[in-house]
Amino acid sequence: MVDIEASKPIELVGDDFHADPHKYYDRWRAQGPVHHVQFPGGIPSWVIIGHVEGRAALADHRLRKNSTDLYHLFERKSARILTDATTQALASHMLNSDPPEHTRLRKMVNKSFAPRRMAALRPRIEEITAGLLDEMSVHDEVDLMQAFANPLPVTVICELLGVPFAERDDFQAWTRVLVSSGEALETRSAATVGMSEYLRKLVAAKQAQPGDDLLSGLIHTTADGDRLDEQELVAMAFLLLVAGHETTVNLIANGTYALLRNRSQWQALRADPAGVPAAIEEFLRYDGPVGWATVRFTDEAIRVGEIDIPAGELVYIALAAANRDPARYDSGDHLDITANASGHVAFGHGIHFCVGAPLARLEAEIAFTALLHRFPDLDLADQAFTPHWQNSLLIRGMADLPVRPRG
Ligand code: HEM
């Protein structure tokens with residue numbers, strides 16, 4: 001364990017951290033799987049680095065997530081975060097709730113992501129993919145982020161939720177601010193208000209005139225006579241929109257970048273596209289789209305590994321670090337699409353396991369299969385390219401990825 005006074009505070013921001021966060025995680029790992037640290041501007045917290053410990057923590061019901069208690073904890077410890085009513089209302093969604101509320105909210109959307117529903121989406125996702133790759137093919141050089149990795153999942157989530165694609169610029173700009181680590185509180189506050197008002201209007205429009213989409217379905221369908229109230233609908237729409245926007249984009253982009261940096265694995269996958277689903281699990285393990293960690297707090301004292309964590313403490317489970325724990329994965333810091341990446345926590349674990357995972361996996365499978373088939377010689381536009389990683393702790397994503405479709 002790293003003692004809070006003795007441990008050098010680690011700034012989890014800035015280009016150096018984002019260029020190679022694992023350099024920092026490895027430093028922690030060398031001293032044990034669980035750490036007590038003080039982040040600059042934050043409050044004393046616990047960080048779980050180990051895979052076994054992280055997975056156990058994600059499934060531990062004594063580690064809670066509800067936003068009301070979490071905000072009180074932040075306020076009590078004088079952390080600099082937004083705790084105003086609009087922020088709290090938007091954040092009071094399923095990912096920030098505990099049973100029984102969580103169970104109830106999750107039940108409302110679970111069936112929307114069931115295998116049969118996902119299979120029905122396949123032809124449309126393939127069509128969108130083919131259209132984007134057609135557009136890419138007329139260029140010698142193109143930003144894969146703008147041309148493909150971003151518009152594919154964004155179009156799909158907009159169509160699924162029934163959010164007008166034409167309005168994406170607004171909510172993408174707000175989302176970017178909300179997942180960023182570097183923005184001033186005033187900027188975050190403005191984005192929160194903008195997003196909240198937009199979603200309220202959207203929900204009201206669907207209440208007045210329902211469409212054939214997931215949000216309209218949530219307004220009008222009741223599970224066991226239950227119904228979401230307006231506030232719950234807005235928070236649900238917020239969660240699905242943000243989660244559906246900023247994650248799969250980076251699975252496609254980070255995975256492509258990792259493959260292009262490991263050219264022989266690109267070639268192997270091109271020769272045997274049946275390996276795509278397994279490769280996607282390895283992309284998730286190696287450089288998944290969720291930033292460094294997910295947060296919980298202790299409802300009562302718990303023991304993680306050999307460490308006692310008192311009640312009322314913040315606990316970060318470092319997903320990216322757990323996924324490269326050499327005690328669990330031989331490939332550790334290397335990409336190996338033939339390795340067994342099962343058990344990774346890129347989608348979380350336990351009751352909050354990503355409800356959108358079947359959609360993300362489907363989109364990624366279609367995207368990589370089509371990309372390899374259509375552009376077998378795809379390559380980085382410049383072999384010296386160094387990604388500019390977003391300054392975000394929630395999202396692990398590049399600003400751009402210039403490629404040459406025909407090599
Ligand atoms: C939860 C990752 C795509 C919706 C989660 C969690 C992770 C995650 C790590 C759990 C967080 C925690 O325990 O604190 C990812 C990754 C994705 C992805 C890596 C893409 C590669 C999506 C998509 C959607 C979605 C496409 C929706 C359209 C959700 C929701 C939850 C969630 C609603 C909350 C589940 C709950 O609280 O029970 N995701 N996600 N995700 N994700 Fe995803």
Side-chain angles (χ1 to χ4, degrees), residues 21-22 24-26 28-30 32-35 46-63 65 95 102 106 110 113-115 118 243 247-248 250-252 254-255 258-259 262 265 268-269 272 274-296 302-307 309 315-365 368 393-396:
H22 293 279
Y24 293 86
Y25 306 147
D26 288 348
W28 268 332
R29 198 189 325 276
V34 184
H35 300 267
W46 299 81
V47 177
I48 303 179
I49 292 286
H51 182 270
V52 170
E53 295 80 3
R55 245 177 102 88
L58 287 167
D60 191 327
H61 68 275
R62 295 166 303 173
L63 280 164
K65 224 176 168 351
L95 184 52
H102 173 265
R106 175 118 184 176
N110 247 341
F113 294 92
M118 292 300 102
T247 49
T248 317
N250 297 309
L251 170 55
I252 296 171
N254 297 0
L259 268 186
N262 294 271
Q265 298 192 47
L269 208 51
D272 180 19
V276 164
I280 289 166
E281 298 311 305
E282 176 67 354
F283 301 150
L284 285 159
R285 181 201 72 79
Y286 174 74
D287 207 4
V290 171
W292 85 288
T294 173
V295 70
R296 305 279 192 274
I302 61 164
R303 193 169 174 79
V304 181
E306 294 175 2
I307 305 298
I309 303 181
V315 179
Y316 288 93
I317 299 142
L319 303 177
N323 281 339
R324 290 199 184 188
D325 187 342
R328 173 66 179 80
Y329 298 104
D330 289 341
S331 37
D333 279 334
H334 304 284
L335 181 81
D336 180 358
I337 57 166
T338 63
N340 180 356
S342 67
H344 70 71
V345 287
F347 285 124
H349 178 58
I351 61 166
H352 292 286
F353 180 85
C354 178
V355 81
L359 176 61
R361 284 178 163 136
L362 177 67
E363 287 180 292
E365 187 224 303
F368 281 103
L393 286 177
L394 291 174
I395 291 297
R396 167 86 179 150

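If you're wondering where the values come from, they're calculated on a predicted model, not measured in any experiment.
- Nearest heavy atom pair, residue Glu306 against residue Arg303, reads O-NH2, 3.3 Å.
- Glu365 places no side-chain N or O within 3.5 Å of a backbone atom of Pro277 that could act as its donor or acceptor partner.
- For the pair Arg285 and Tyr329, the cation-pi criterion (under 6.0 Å, within 45° of the ring axis) is fulfilled.
- The two residues Leu269 and Gly275 make their nearest non-hydrogen contact at CD1-C, 3.6 Å.
- Here the side chain of Glu53 pairs no donor or acceptor atom with the backbone of Val34 at under 3.5 angstrom.
- Side-chain atoms of Arg29 do not come within 3.5 Å of backbone N or O of Gly50 as any donor-acceptor pair.
- Among all heavy-atom pairs drawn from Ile48 and Gly54, the shortest one is CG2-N, 3.6 Å.
- In this structure a side-chain-to-backbone donor-acceptor pair under 3.5 Å is present from Asn262 to Ala258.
- In this structure, OG1 on Thr294 lies 9.0 Å from CG on Leu394, to the nearest 0.5 angstrom.
- Using cut-offs of 30° and 60° on the angle between ring planes, the pair His344 and Phe347 is tilted.
- With Asn323 contributing its side chain and Val345 its backbone, the two residues share a donor-acceptor pair below 3.5 Å.
- Separating the CG atom in Asp333 from the CG atom in Asp287 is a distance of 10.5 Å, to the nearest 0.5 Å.
- Taking CG of Leu251 as the start and CZ of Arg396 as the end, the distance is 13.5 Å to the nearest 0.5 Å.
- Note: His352 NE2 to Lys65 NZ = 6.0 Å, rounded to the nearest 0.5 Å.
- Closest heavy-atom contact between Leu58 and Arg296: CD2-NH2, 3.4 Å.
- Distance OH/Tyr286 to CZ/Arg324: 5.0 Å, rounded to 0.5 Å.
- Among all heavy-atom pairs drawn from Ala320 and Gly291, the shortest one is CB-O, 4.3 Å.
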Stepwise, does the side-chain contact (heavy atoms from CB on, under 4.5 Å) test hold for Trp46 with Ile307? CA-CA 10 Å; Trp46 299 81; Ile307 305 298; 3.6 Å; yes

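- Counting all heavy atoms, side chain and backbone alike, Pro289 lies closest to Asn250 at CB-CB, 3.8 Å.
- Here the straight-line distance linking atom CH2 of Trp292 with atom CD1 of Ile317 works out to 10.0 Å at 0.5 Å rounding.
- Proximity of Leu335 to Glu282: side-chain heavy atoms (C-beta onward) are separated by under 4.5 Å at one or more points.
- Looking only at distances, a side-chain donor or acceptor of Gln265 sits under 3.5 Å from a matching main-chain atom of Ile337.
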